[in-house]
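What follows is a single structure, written as structure tokens, with notes after it.
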2 protein chains.
Amino acid sequence: MVKRTSFEGDACPIARSLEAIGDWWSLLIIREALFGLRRFGEFQNKLGMAKNILSARLRALVEHGILATAPASDGSAYQEYVLTPKGRGIFPILVALRQWSEEFDDRPEEIATILVDREKGRPVRKLEMRAEDGRLLSPADTMLKPRPAPRRRSTG
Amino acid sequence: MVKRTSFEGDACPIARSLEAIGDWWSLLIIREALFGLRRFGEFQNKLGMAKNILSARLRALVEHGILATAPASDGSAYQEYVLTPKGRGIFPILVALRQWSEEFDDRPEEIATILVDREKGRPVRKLEMRAEDGRLLSPADTMLKPRPAPRRRSTG
DNA sequence: GCATATGGTTTTATGATGCAACCACACAAG
DNA sequence: CTTGTGTGGTTGCATCATAAAACCATATGC
């Protein structure tokens with residue numbers, strides 16, 4: 001976490017996302033936010049983390065456009081932290097992390113909750129990766145390609 | 001990263017996975033490993049990280065069962081670090097991170113690569129979450145349920 | 001005005017990080 | 001068998017983020 005090495009300018013999208021949410025608390029804050037938590041105290045209470053760290057994380061998440069501060073909601077003059085669309089877009093990452101734990105954790109019996117389809121109450125499937133035409137893809141069916149040049153002629 | 005707060009015993013699977021791969025370098029190491037890197041020097045070279053940190057991360061990943069040390073491969077008496085099935089299971093997490101960057105990054109033009117279907121060379125679809133019966137699920141279509149008690153009678 | 005709850009910031013100790021230097025071993029040459 | 005080089009690390013040490021607790025500010029109730 002010494003942030004000496006910033007991945008801000010890195011060309012790898014994974015590094016770039018880690019730059020924003022690659023620390024321990026951020027994802028947990030987002031998890032709680034997805035569950036509806038909004039207030040500083042709610043986060044602090046639920047996560048049991050130091051308030052200064054929470055404060056710093058919230059600020060960073062706001063700077064990264066993952067959370068936004070809303071002026072109020074219940075009348076009190078305090079702030080609220082609500083997820084932006086970018087923040088809600090983190091949901092699949094959390095699902096992937098969850099499923100990885102569920103599948104590979106050494107003590108799966110300690111995991112308290114399962115993610116289920118609300119309608120049927122049955123566990124959701126593993127995340128699936130599909131091609132444009134719908135074929136199911138395994139990691140080996142994929143590869144990385146250089147990104148096509150951004151469509152502006154003035155560059156070269 | 002100060003690991004004061006360990007999530008080792010936490011009941012949340014997200015926290016549990018962060019415990020194993022929730023630091024900056026681990027996921028990047030795994031990314032490279034998925035690309036075929038195996039040797040200490042290869043990782044060090046590619047990622048440009050301090051060797052002691054790399055050493056510590058590799059050791060931690062081995063302890064977590066994500067990497068395994070293989071005695072040799074090209075004849076030299078040195079070690080190699082290869083992904084276990086648990087390690088390869090991290091692929092969807094990386095894909096989720098990548099897609100999040102691709103969709104929401106403020107400067108997407110800086111992202112150098114895209115993940116494509118090897119057969120057609122076309123970008124893969126966004127990861128999909130589906131119910132057991134195949135229905136496509138949005139976050140709102142899901143919920144958390146307490147895990148059913150582990151099937152052993154002797155407990156209570 | 002005084003107490004209390006909420007929402008933070010400041011202070012301070014700790015310890016992980018990152019860099020560089022050092023060490024150990026393998027392998028090759030002389 | 002000694003020297004040299006490359007690989008694969010470990011060992012200091014300075015620095016900076018973290019975490020815990022104390023402190024501060026504003027709002028609300030009495």
Side-chain angles (χ1 to χ4, degrees), chain A residues 1-10 15 18-29 32-33 36-64 67-82, chain B residues 1-10 15 18-29 32-33 36-64 67-82:
Chain A
M1 216 70 116
V2 171
K3 192 54 110 343
R4 213 54 142 300
T5 33
S6 166
F7 300 123
E8 193 109 30
D10 200 295
L18 291 178
E19 178 71 21
I21 55 173
D23 65 85
W24 286 334
W25 291 115
S26 295
L27 276 175
L28 298 179
I29 291 170
E32 299 304 332
L37 299 201
R38 299 166 149 241
R39 298 289 282 255
F40 188 95
E42 289 178 323
F43 290 112
Q44 209 266 321
N45 230 314
K46 190 78 193 301
L47 292 171
M49 63 192 292
K51 296 201 288 180
N52 55 345
I53 304 296
L54 175 58
S55 179
R57 286 287 152 271
L58 289 174
R59 203 177 317 129
L61 289 170
V62 168
E63 277 167 17
H64 279 290
L67 291 176
T69 52
S73 136
D74 65 338
S76 70
Y78 297 121
Q79 276 191 127
E80 289 190 348
Y81 299 89
V82 298
Chain B
M1 214 75 111
V2 171
K3 192 57 108 348
R4 212 58 140 299
T5 33
S6 168
F7 300 121
E8 193 109 32
D10 199 296
L18 291 179
E19 178 71 21
I21 55 173
D23 65 84
W24 286 334
W25 291 116
S26 295
L27 275 175
L28 297 179
I29 291 170
E32 299 304 331
L37 298 201
R38 298 164 151 243
R39 299 288 282 258
F40 187 94
E42 289 179 321
F43 290 113
Q44 210 267 320
N45 231 313
K46 190 77 194 302
L47 292 172
M49 62 191 293
K51 296 202 288 181
N52 55 347
I53 304 297
L54 175 58
S55 178
R57 286 288 154 269
L58 289 173
R59 203 178 316 129
L61 289 170
V62 167
E63 277 166 17
H64 279 291
L67 292 176
T69 53
S73 137
D74 64 341
S76 70
Y78 296 120
Q79 276 193 126
E80 288 189 348
Y81 299 89
V82 298

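Within every chain, numbering begins at 1; the chains are lettered A, B, ... in the order of the sequence lines, protein sequences first and strands thereafter. Quantities reported herein were computed from a predicted structural model and do not represent experimental measurements.
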Note, B/Ile29 side chain near B/Leu37 side chain (heavy atom, < 4.5 Å) = no
Ignoring backbone atoms, test whether A/Arg59 places a side-chain nitrogen or oxygen under 4.0 Å from the OP1 or OP2 oxygen of C/dT9.
-> yes
How long is the line joining CG of B/Leu61 and C1' of D/dG9, in whole Å?
-> 16 Å
Comparing nearest nucleotides in DNA chain D, the 5'-proximal residue of the pair A/Lys51, A/Ala56 is A/Ala56
Counting only side-chain N and O atoms of B/Arg39, is one of them less than 4.0 Å from OP1 or OP2 of D/dT7?
-> no
Rounded to whole angstrom units, what separation is found between the CG atom of A/Asn45 and the P atom of C/dG7?
-> 10 Å
Separation of B/Met49 atom CE from C/dA16 atom P, in whole Å?
-> 15 Å
Output yes when at least one side-chain N/O atom of B/Gln79 is less than 4.0 Å from OP1 or OP2 of D/dG9, else no.
-> yes
Length of the CZ-C1' vector between B/Arg57 and C/dG18, whole Å | 12 Å
Extract all donor-acceptor atom pairs below 3.5 Å that involve side chains of residues 41-50 of chain A and protein atoms in other chains or at least two apart in sequence.
| from | atom 1 | to | atom 2 | distance (Å) |
| --- | --- | --- | --- | --- |
| A/Glu42 | OE1 | A/Arg38 | N | 2.8 |
| A/Glu42 | OE1 | A/Arg39 | N | 2.9 |
| A/Gln44 | NE2 | A/Met49 | O | 2.8 |
| A/Lys46 | NZ | A/Glu32 | OE1 | 3.2 |

Check every strand shown and say whether B/Tyr81 touches a base, only sugar-phosphate, or nothing at a heavy-atom separation below 4.0 Å.
-> sugar-phosphate
Would you mind reading off the distance between A/Gln44 atom CD and D/dA20 atom P, rounded to a whole angstrom?
-> 10 Å
Protein-nucleotide distance (A/Leu47, atom CG; C/dG7, atom P), rounded to Å = 15 Å
Listed nucleotide nearest any side-chain atom of B/Phe40, set C/dT10, C/dG7, D/dG8 | D/dG8
For B/Ser55 and D/dG9, is the shortest distance between a side-chain N/O and OP1 or OP2 below 4.0 Å?
-> no
Supply the atom-to-atom distance B/Phe40 CZ to B/Leu58 CG, rounded to the nearest 0.5 angstrom.
-> 6.5 Å
Given atom CZ of A/Phe43 and atom C1' of D/dA19, what is their separation to the nearest angstrom?
-> 19 Å
How large an angle, rounded to 10°, do the end axes of the helix from C/dG1-D/dC30 to C/dG30-D/dC1 enclose when each is built from five base pairs?
-> 10°
Point-to-point distance, once rounded to the nearest 0.5 Å, from CZ of B/Arg57 to OG of B/Ser26 = 5.0 Å
B/Leu54 CG - C/dT17 P separation (whole Å) | 12 Å
Over all atoms of both residues, closest heavy-atom pair of A/Leu61 and A/Ala20 = CD2-O, 4.4 Å
Hey, does the side chain of A/Trp25 come within less than 4.0 Å of D/dA19's phosphate (OP1/OP2), counting only N and O?
-> yes
Looking only at heavy atoms, the pair that brings B/Leu67 and B/Ala33 closest together is CD2-CB, 4.4 Å
Indicate the atoms forming the closest heavy-atom contact of B/Leu18 with A/Leu27, along with that distance.
-> CD2-CD1, 3.7 Å
